[in-house]
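Okay, structure first, notes after.
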Amino acid sequence: GAGVSQSPSNKVTEKGKDVELRCDPISGHTALYWYRQSLGQGLEFLIYFQGNSAPDKSGLPSDRFSAERTGGSVSTLTIQRTQQEDSAVYLCASSLGVAGGALSYEQYFGPGTRLTVT
Amino acid sequence: GEDVEQSLFLSVREGDSSVINCTYTDSSSTYLYWYKQEPGAGLQLLTYIFSNMDMKQDQRLTVLLNKKDKHLSLRIADTQTGDSAIYFCAEILYSSASKIIFGSGTRLSIRP
């Protein structure tokens, strides 16, 4: 079946430009996460959507970052006025997100978008 | 806080056992997870343990849970070169709408 997809797979942009990264979660998954992973580093949590609840934005590093999730499905992460330190792989993950055992919280990760800011 | 802590690096000799450690924060977490990220790939669930268990074994993998100390470990027996990866532990933070919190990841390297 279809997994989590992300687009574009690679994005090169000039410093100061805005970028939009897209995530298509697995159909029926109510939870959606965005993470950032710098080269060889761990996961940095950015934002968490759960159903119709207000998103947990506690991981967004600055007000240049924002995300939305339309219709409980597709999500877009927007970075305004990109900086070189924004260069990283941006990962999206989704999970069933409803109580129902360990595997209902299992996160399925997309392949990521590699963002390079020049 | 919401920190899940892991050491960043571990190097073991091929054939030896690897033990990757993690400390977590939420004593109400019912499930704790280990994810594996192979080079150039995404994270995939490796195994998990229910919080009322002390140990779970799955072939070469053994998960140990010490709830009192909030300490989780992953033991890989007979470590092979294919086990080279970054290993992440994760907990569920029920106080935050069941948000999953990942540790920083432990990079396991295998030497011949």
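Hydrophobic clustering, with ILVMFWY side chains joined whenever heavy atoms are under 4.5 angstrom apart, groups B:Leu65 together with B:Tyr48. A single hydrophobic cluster is seen to contain both B:Leu61 and B:Tyr87, as judged by linkage of ILVMFWY side chains at heavy-atom distances under 4.5 Å, directly or through other members. Under the 4.5 Å side-chain heavy-atom criterion for ILVMFWY residues, a single connected hydrophobic cluster contains both A:Val19 and A:Leu60. Put simply, A:Leu46 and A:Val89 are part of two different groups of oily side chains (I, L, V, M, F, W, Y) that touch within less than 4.5 Å, one to the next. Linking Ile, Leu, Val, Met, Phe, Trp and Tyr whenever their side-chain heavy atoms come within less than 4.5 Å leaves B:Leu64 and B:Tyr24 in two separate clusters.
Contact annotation for A:Leu91: only side-chain heavy atoms (C-beta onward) come within less than 4.5 Å of a heavy atom of chain B. If you measure heavy-atom distances from B:Ile100 to chain A, the contacts under 4.5 Å come from both the backbone and the side chain. Interface residue B:Phe88: only side-chain heavy atoms are found under 4.5 Å from chain A.
When each of A:Glu106, A:Gln50, A:Glu44 is checked for heavy-atom pairs under 4.5 Å with chain B, A:Glu106 comes out on top. Contact count versus chain A (heavy atoms, under 4.5 Å) is highest, among B:Leu8, B:Leu43, B:Thr106, B:Ile49, for B:Leu43.
Within 6.0 Å of CD on A:Glu14 lie no more than 12 heavy atoms contributed by other residues, nucleotides or ligands. Shown here is B:Gln44, whose CD atom has no more than 12 heavy atoms of other residues, nucleotides or ligands within 6.0 Å. Within 6.0 Å of CG on A:Asn52 lie no more than 12 heavy atoms contributed by other residues, nucleotides or ligands.
In this structure, A:Gln107 CD and B:Tyr35 OH are separated by 5.0 Å, a value rounded to the nearest 0.5 Å. Atom CG of B:Leu45 sits about 14.5 Å away from atom OH of A:Tyr105, to the nearest 0.5 Å. Residue A:Ser95 holds its OG atom at 9.0 Å from CD1 of B:Ile92, rounded to the nearest 0.5 Å.
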Go through the steps for B:Gln37 and A:Phe109 under the test side-chain contact (heavy atoms from CB on, under 4.5 Å), then give the verdict.
CA-CA 10 Å; B:Gln37 184 181 31; A:Phe109 283 79; over 6 Å; no
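Within residues 20-36 of chain A, the residues approaching chain B closer than 4.5 Å by heavy atoms are, in numerical order, A:Tyr33, A:Tyr35.
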